[in-house]
Amino acid sequence: MSISSALSNAMSGLTVNGRMAEVTSSNLANVLTDGYGRRSVELTSSQLGGVGVESINRFVDAGLLADRRLTDAALEGQDRNTSMLVRLEQSLGDPEDAASIGARLAVFENALISASSDPASDVRLSNVVSRLNDVTITLQDNTRTVQSLRQEADAAIARDIEVLNASLLQVEAMNEDILRLKATGNDTSALIDARQTAVDKIAGILPIRETQRENGTITLMTTSGTTLLDGQTVQFGFERTPTITADMTLASGALGAITLDGVALDPTTGIGRLDGGSLGASFAMRDGTLVEVQAGLDGIAVDLVARFEDPTTDPTLTAGDLGLLTDEGGVLDLADTVGLAGRIGINAAVDPNAGGDVTLLRDGLNAAVQGPVGDSTQLNRWIAALDVARADLPGSVSQGASGRAASFTSQIGATRLAAEEQLSFTSARWDTLREAELANGVDTDLELQMLLLVEQAYAANARVIQTVDSMMQSLMEI
């Protein structure tokens, strides 16, 4: 080997050693960086002798990454669902909560029993009205809570669509950058890391599949077959509804649906084939779960109003007369029960705050004259009306008023518990996949060993250069 060949080989070795040290140091520095893929240097022999860098390889288990992303979508959706159910239960209360509708009804019934033991006491009769007012206020508050959560779900949809659109544009831009850099022979690993992070954001919003192209770009598609990115990205739209009331639904056109080029993807579901992830969970809460909860509250309200305007409960009433409870001052209309829990109120005739007379609780709401002050017959009828099991109303079940309310709150608790159990399972699965993904990442021990090998190779090449220099010096001295 000639001196010039030896010197050329050593110089190329130093260059490669420097690049390997740079890549190894990058691996160690980014061991905890999300989206970072471990790099390695692919070497090749030079036609002129020595060694060169063929490429920088980035290592990621594509199958494991795809499984983790699908679990991301499930986890984000279940977490959002569970979070809202927990808040719903806390606001509405469980059967043991003194602020729950079941507990309020029990206190009202106890007030009636107390009044029936001393029907001449205006104080006890006033307490009955106060406790019944607590029942109506609780139903109204619960309605506001449910609709507030629907508004939050609607706002969450808008945020998800915004993040989805922005992330898709980022992936499209990085696809173009990767294509350009790869064509010029530059390393694209850093851009691929950034692209993976952007795709991970999308994966939490809806379940996706990524397809790698030979030119280094990727395409994105939902698991149900909707194309998100193939060369160019699609952009979705959604119009947020700031205020939502119980009667507002997607079917009526009062709530927004996801659009593509201004056209709704699916007017029936609002989400079409983008279902899943946090986006699907928000739609399910806004248009499904919370609507059913409101229907449960309205059912309780319908049941109470009907019990207390029944002429068999108060013989002074006739069909069409106002009962003890009203629909914003009107009689019950079975064709307009949506949102009744938010409109229910006490008949002004017995409400002292509205100029009413509490003694009508004892004598009958339409009593023409005051009856015997010691007669508890009508009060006992009110108590019996609460306890009778009736199923004569649409959606009614054969239960007393308190039993129906307790079943309602118990069902919410059961739904929340089932959601938490599912979330726990999915979280454990995600942890397992994430650990496996990290295990395939940077191994610090291996990288430190590589640094030692690079140091030794660097020293050997430097020794060759030093020897060549010494030989050249000796030749110059001859």
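Please read these numbers as outputs of a predicted model, since none were measured by experiment.
- The side-chain hydrogen bond (donor to acceptor under 3.5 Å, both in side chains) search around N110 returns none, not counting sequence neighbours.
- Taking 4.5 Å as the limit, every side-chain heavy atom of M285 sits out of range of all side-chain heavy atoms of R150.
- A 4.5 Å side-chain heavy-atom check between F236 and V234 finds at least one atom pair inside the cut-off.
- Applying the side-chain contact (heavy atoms from CB on, under 4.5 Å) criterion to A419, with sequence neighbours excluded, gives N81, T82, L85.
- We find that R80 and D160 are joined by a salt bridge, their nearest charged nitrogen and carboxylate oxygen being less than 4.0 Å apart.
- Side-chain atoms of R343 come within 3.5 Å of backbone atoms of V338 as a donor-acceptor pair (strictly under, hydrogens ignored).
- Between R68 and D200 there is a salt bridge, since at least one side-chain N of the basic residue sits less than 4.0 Å from a carboxylate O of the acidic one.
- Within a 6.0 Å radius of CD in E239, other residues, nucleotides and ligands contribute 12 heavy atoms or fewer.
- Sorted by first and then second residue, the salt bridge (Lys or Arg N to Asp or Glu O under 4.0 Å) pairs involving residues 419-433 (not counting sequence neighbours) are R416-E420.
- A side-chain donor-acceptor contact under 3.5 Å links T197 to the backbone of D193.
- Looking only at distances, a side-chain donor or acceptor of S100 sits under 3.5 Å from a matching main-chain atom of D97.
- Between the side chain of Q140 and the backbone N or O of I344, at least one donor-acceptor pair lies under 3.5 Å.
- Two residues are said to be in side-chain contact when any heavy atoms from C-beta on lie closer than 4.5 Å; L304 and T136 fail this criterion.
- Legend: salt bridge (Lys or Arg N to Asp or Glu O under 4.0 Å) pairs involving residues 274-284, not counting sequence neighbours: none detected.
- Sequence neighbours left out, the pairs with a member in residues 166-183 that pass salt bridge (Lys or Arg N to Asp or Glu O under 4.0 Å) are D177-R180.
- Classification of R131 and E109 as a salt-bridged pair fails, no side-chain N sitting under 4.0 Å from a carboxylate O.
- Between the side chain of T188 and the main chain of L191, no donor-acceptor pair closer than 3.5 Å is present.
- The side-chain heavy atoms of I218 and N175, taken from C-beta on, include a pair separated by under 4.5 Å.
- The minimum heavy-atom distance between V171 and L229, with the atom names listed, is CG1-CD2, 3.3 Å.
- Using a distance-only test at 3.5 Å, with no hydrogens or angles considered, a donor-acceptor pair links the side chain of T145 to the main chain of D141.
- Residues passing the side-chain contact (heavy atoms from CB on, under 4.5 Å) test with Q235 are N165, L168, L169, T233, sequence neighbours excluded.
- Sorted by first then second residue, the salt bridge (Lys or Arg N to Asp or Glu O under 4.0 Å) pairs that include residues 281-301, not counting sequence neighbours, are D154-R286.
- Annotation: side chain of L228 is not in contact with side chain of M221 (no heavy-atom distance under 4.5 Å).
- Using a distance-only test at 3.5 Å, with no hydrogens or angles considered, no donor-acceptor pair links the side chain of S470 to the main chain of Q466.
- A side-chain contact (heavy atoms from CB on, under 4.5 Å) with N142 holds for exactly one of I137, T409, L88, L92; it is L92.
- Take S407 and apply the side-chain hydrogen bond (donor to acceptor under 3.5 Å, both in side chains) test, not counting sequence neighbours, and it matches Q399.
- Between the S148 side chain and the R144 main chain, no donor and acceptor come within less than 3.5 Å of each other.
- With sequence neighbours excluded, the residues forming a salt bridge (Lys or Arg N to Asp or Glu O under 4.0 Å) with R434 are D34, E437, listed by chain and number.
- Counting heavy atoms from C-beta on, the side chains of E76 and I205 never come closer than 4.5 Å.
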Can you give the donor-acceptor pairs under 3.5 Å from side chains of residues 240-258 to other protein atoms, not counting sequence neighbours?
| from | atom 1 | to | atom 2 | distance (Å) |
| --- | --- | --- | --- | --- |
| T245 | OG1 | D247 | OD1 | 2.5 |
| T249 | OG1 | S252 | N | 3.2 |
| T249 | OG1 | S252 | OG | 3.2 |
| S252 | OG | T249 | N | 3.4 |
| S252 | OG | T249 | O | 2.9 |
| S252 | OG | A254 | N | 3.4 |

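- When L132, D134, N133 are each tested for a side-chain contact (heavy atoms from CB on, under 4.5 Å) with F108, only one passes: L132.
- Applying the side-chain hydrogen bond (donor to acceptor under 3.5 Å, both in side chains) criterion to S167, with sequence neighbours excluded, gives no partner residue.
- The closest donor-acceptor contact from the side chain of T467 to the backbone of R463 lies under 3.5 Å.
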Apply side-chain contact (heavy atoms from CB on, under 4.5 Å) to L265 and R273, showing your working.
CA-CA 8 Å; L265 291 178; R273 292 190 295 176; over 6 Å; no
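- For Q411, the side-chain hydrogen bond (donor to acceptor under 3.5 Å, both in side chains) partners at least two apart in sequence or on another chain are T415.
- Residue E96 places its CD atom among 12 or fewer non-hydrogen atoms of other residues, nucleotides or ligands, all under 6.0 Å distant.
- In terms of modelled atom types and a separation under 3.5 Å, the side chain of T222 and the main chain of G225 share a donor-acceptor contact.
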